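Worksheet: the structure to be examined is printed underneath.
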Amino acid sequence: MTKTVLVTGVSSGIGLAQAQLFLENGWTVYGVDCALAPDLQGDFHFLQLDLTGEVAGLVDFCPCPDVLCLTAGVLDDYKPHLETTEADMARIFATNVFSVTRLVSLYLPQMVARQSGIIITMCSIASFLAGGGGSAYTASKHALAGFTKQLALDYARDGVQVFGIAPGAVQTAMTQADFEPGGLASWVADQTPIGRYTQPLEIAELTLFLASGKAQSMQGEIVRIDGGWGLK
């Protein structure tokens, strides 16, 4: 039976890599992004939508996904708190936390009703450590990790599996500034134990495993894939 996945943040970076890998493995993929549609082949359906706005109509677009990959997220330029406005904080939380909680509220009732479903949130090393972002980003990713764990605890007996993925430095369009002259790319690679940035495909491969149903006894784990950064 073909499985169906909803991927947010699908137009670039990790979300794009996830969608490509799911499609290569025969999944039906519904992708959502506020940017334009990516060029993907296979059973792919796209909706351009700002997830910080009204999302109720998303069910008409993607009625019954087996898996939610809640990947969309934004950075905060590593701003310390005194340089972070209330508007900055609201913007970061709107995407990194509240878009996730709202989509879960949208699809969780049907997962509970059918006693099956997998939810994968995109946490971060900033879900555990300081320094992976600024004040708003780190706070938002800590909040997302807490939500992920509580969701897993509350709905484990309803057949809903919940996981988080916690990447370290990943080479995507969102981190492109790191690779500009004077950017952080060389320093980050040097400080990461494996000596390089993680690639989006590596995150996608972990996602596909978690979505496969093979990890039956795992619940609520936030899996670090950070090149060993968290070992320091």
Side-chain angles (χ1 to χ4, degrees), residues 1-16 18-19 22-23 27-38 40 43-74 90-124 127 140-166 203-204 207-208 210-213 219-222:
M1 181 183 296
T2 300
K3 288 193 172 183
T4 300
V5 58
L6 174 67
V7 180
T8 68
V10 75
S11 293
S12 63
I14 295 172
L16 178 59
Q18 289 172 324
F22 277 116
L23 289 166
W27 287 60
T28 296
V29 177
Y30 289 84
V32 180
D33 205 300
C34 59
L36 297 176
L40 289 171
D43 193 2
F44 177 65
H45 311 266
F46 178 76
L47 178 65
Q48 188 173 24
L49 181 68
D50 181 352
L51 293 173
T52 66
E54 177 56 54
V55 298
L58 194 55
V59 175
D60 295 328
F61 165 69
C62 178
C64 191
D66 299 296
V67 177
L68 297 180
C69 281
L70 303 174
T71 303
V74 290
R91 177 178 61 85
I92 298 295
F93 268 74
T95 298
N96 293 357
V97 181
F98 298 129
S99 72
V100 173
T101 60
R102 292 163 74 205
L103 289 188
V104 168
S105 295
L106 201 61
Y107 286 106
L108 183 60
Q110 61 176 250
M111 290 182 171
V112 170
R114 68 175 184 261
Q115 295 286 285
S116 70
I118 295 175
I119 298 170
I120 304 172
T121 67
M122 192 55 61
C123 295
S124 167
S127 296
S140 72
K141 290 299 184 177
H142 272 67
L144 181 59
F147 174 73
T148 300
K149 291 176 182 179
Q150 191 66 48
L151 191 69
L153 178 64
D154 290 343
Y155 293 97
R157 291 186 181 272
D158 292 298
V160 180
Q161 282 190 287
V162 184
F163 305 108
I165 295 177
I203 311 297
T207 306
L208 184 63
L210 295 175
S212 69
Q219 178 71 331
E221 290 298 319
I222 299 177

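Sequence positions, counted from 1, serve as the residue numbers for this chain. Owing to the predicted nature of the structure, the values given are computational and were not obtained by experimental measurement.
Side-chain atoms of Ser124 do not come within 3.5 Å of backbone N or O of Ala166 as any donor-acceptor pair. Within the 3.5 Å criterion, the main-chain N or O of Phe163 finds no donor-acceptor partner in the side chain of Gln161. For Gln18 (side chain) and Gly13 (main-chain N/O), no donor-acceptor pair under 3.5 Å exists by modelled atom type. Counting only distance, with no hydrogens or angles, the side chain of Thr8 and the backbone of Ala72 share a donor-acceptor pair below 3.5 Å. The closest donor-acceptor contact from the side chain of Arg102 to the backbone of Gly53 lies under 3.5 Å. Side chain of Glu221 to backbone of Gly164: no donor-acceptor contact under 3.5 angstrom is found.
One finds the OG atom of Ser11 at 7.5 Å from the CG atom of Leu16 (value rounded to the nearest 0.5 Å). Put simply, CG on Leu144 and OG on Ser99 are 8.5 Å apart, with the number rounded to the nearest 0.5 Å. With rounding to the nearest 0.5 angstrom, the CD1 atom of Ile14 is 8.0 Å from the OG1 atom of Thr207. Leu210 CG to Cys69 SG: the interatomic distance, rounded to the nearest 0.5 Å, is 9.0 Å. Taking CG from Leu106 and OG1 from Thr101, the interatomic distance works out to 11.0 Å, rounded to the nearest 0.5 Å. Remark: Cys123 SG to Phe147 CZ distance equals 10.5 Å, nearest 0.5 Å.
In terms of heavy-atom proximity, Thr52 sits nearest to Thr95 at CG2-OG1, 3.4 Å. Heavy-atom minimum distance, Phe44 versus Pro38: CZ-CG, 3.9 Å. Counting all heavy atoms, side chain and backbone alike, Gln110 lies closest to Pro65 at OE1-CD, 3.8 Å. Taking all atoms of both residues into account, the shortest heavy-atom contact from Arg114 to Cys64 is NH1-SG, 3.2 Å. Between Phe61 and Val32 the shortest heavy-atom distance is CE2-CG2, 4.1 Å. Shown here for Ala143 and Phe93, the closest heavy-atom pair between the two residues is CB-CE2, 4.1 Å.
The closest side-chain heavy-atom distance from Val10 to Phe46 is below 4.5 Å. Residues Met111 and Leu68 meet the side-chain proximity criterion, which asks for heavy atoms closer than 4.5 Å. At least one side-chain heavy atom of Val74 sits less than 4.5 Å from a side-chain heavy atom of Asn96. Side-chain atoms of Asp43 and Trp27, non-hydrogen and from C-beta on, never get closer than 4.5 Å to each other. At least one side-chain heavy atom of Gln115 sits under 4.5 Å from a side-chain heavy atom of Asp158. In this structure the side chain of Ile222 reaches within 4.5 angstrom of the side chain of Lys149, judged on heavy atoms. Using a 4.5 Å heavy-atom cutoff, the side chains of Val104 and Leu70 are in contact. For the pair Ile119 and Leu108, the minimum side-chain heavy-atom distance is below 4.5 Å.
Ring pair Tyr30/His45 is parallel by interplanar angle, where below 30° counts as parallel and above 60° as perpendicular.
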Going through the checks in order, is the side-chain contact (heavy atoms from CB on, under 4.5 Å) test met by Leu58 and Leu6?
CA-CA 10 Å; Leu58 194 55; Leu6 174 67; 4.1 Å; yes
